[in-house]
Amino acid sequence: MTQLTLSTVLSNPNHSPVKSQSKPSAHTYVHKRVTKSQIENKRTRSQRARERLATKGHLTRLAVGLGEVELADKIDRCHSRLSVLTCGRHIARIIPNFTCEFRLCPDCGRRRSRRLQSKYLPMMRSFMLHNKVTPVHLVLTQTHRAETRKQSIGRIKDAFTRLQRRVFWNEYFKGGTWSLEFTKDKNGLHHTHLHIIGFRRKFFDIELLRGEWLAATGDSHVLHLKPILDIATGLQEVVKYVSKPLDIRRFGAADLREFLGLKNMRMFGTFGEFREFCKDFEPSDNDASAVGELESLSRDLVEGCACPQCDAPLFDLRMSKNELPQFYEQIEASSPDRVRKRAH
Ligand SMILES: [Zn+2]
Ligand SMILES: [Zn+2]
């Protein structure tokens, strides 16, 4: 089958997979002032794709500035040519030419967080089923100090290890997962959070937990706890920090250099009985079906298969990274519910 490119599809209206429409300017989003909550909740896929491009451009420039030419080249090549499997109205799968696997790369981060979700969701569901535990999202924080990022991370991880050794913790929690989030405060001090999905055995008074965290850290009792109603959503929320551990657009050359020094640091892990459970986990038929909700299903899709969302045949559209946001825009414009979501 002949290979389609985005430009052939765009230039031939009869072949166009999407209804003809006026092309939105590639720079529209730049001029749109949006509030923080809009940024968090209402960004369209095209906007997010543009942000990923901007982030990667920023990272590439920082890497060049530090003389990390090889890294800059890898980030630049990552997802630069794409094979997009689409029915014209939905995107079933995107296959990149190359992935840099750099930890701050937003494209590779998305892939990593999807992989984590596919891996851990079936285990979490099975663990909850077998153990009569309920999941909670716990955010542990620590006081700000003048220290390096590495020291800040080491300090909170050590405190969490101490917390896990405490009688209270073992009485109420049966393990879970942790992931790291980094920010900096107004004064430039590192602020590191631990996002925990904890499998709770029974209810407890949150003040008790604050006291335990204070005992583990020596100086912080600040934490947030909320129940997780849907484990898939809860997991998605904590793994997003794996793909986006910090706001890279506020990231300078010194930050990148420091980050490069953290090479083998883990940003996600399991603990307690859940950790042991994961080691021995073999999915049953039921558990395996949970994976299908995520992108694993799409892995088997090829050109000519039916679109999972509308059954129309999929075709393979080749495009560059710079063309992807525009393609998302067309898809958003052709789909009624997307149109409503777009801010006018
Ligand atoms: Zn990458
Ligand atoms: Zn479709």
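It should be emphasised that the depicted structure is a prediction, and the values quoted were computed from it without experimental measurement. Just follow the structure's listing: the first ligand is 1, and inside any ligand the first atom is 1. All residue numbers in this chain count up from 1 along the given sequence.
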Between Glu332 and Arg89, does any NZ, NE, NH1 or NH2 come within less than 4.0 Å of an OD or OE carboxylate oxygen?
no
Carboxylate-amine/guanidinium contact Glu51 Lys56, below 4.0 Å
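Between Lys56 and Glu51 there is no salt bridge, as every charged N stays at least 4.0 Å from the carboxylate O atoms.
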Where the Zn ion (ligand 2) is the corner point, what angle links SG of Cys87 with ND1 of His90, to 10°?
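Centred on the Zn ion (ligand 2), the SG/ND1 angle is 100° (to 10°).
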Angle at the Zn ion (ligand 2): provide the value between SG of Cys307 and SG of Cys310, rounding to 10 degrees.
110°
Where the Zn ion (ligand 1) is the vertex, angle from Cys108 SG to Cys100 SG to 10°:
110°
SG (Cys105) to the Zn ion (ligand 1) to SG (Cys78): angle, nearest 10 degrees?
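If I round to 10°, I get 110°.
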Let's go through Arg201 and Glu171 carefully: what are the C-alpha distance in whole Å and the side-chain angles of both, what is the deciding distance for salt bridge (Lys or Arg N to Asp or Glu O under 4.0 Å) to 0.1 Å, and is it a yes or a no?
CA-CA 8 Å; Arg201 299 173 197 262; Glu171 188 182 340; over 6 Å; no
Does Lys321, at its NZ atom, have more than 12 non-hydrogen atoms belonging to other residues, nucleotides or ligands within less than 6.0 Å?
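Counting neighbours around NZ of Lys321, more than 12 heavy atoms of other residues, nucleotides or ligands fall under 6.0 Å, so yes.
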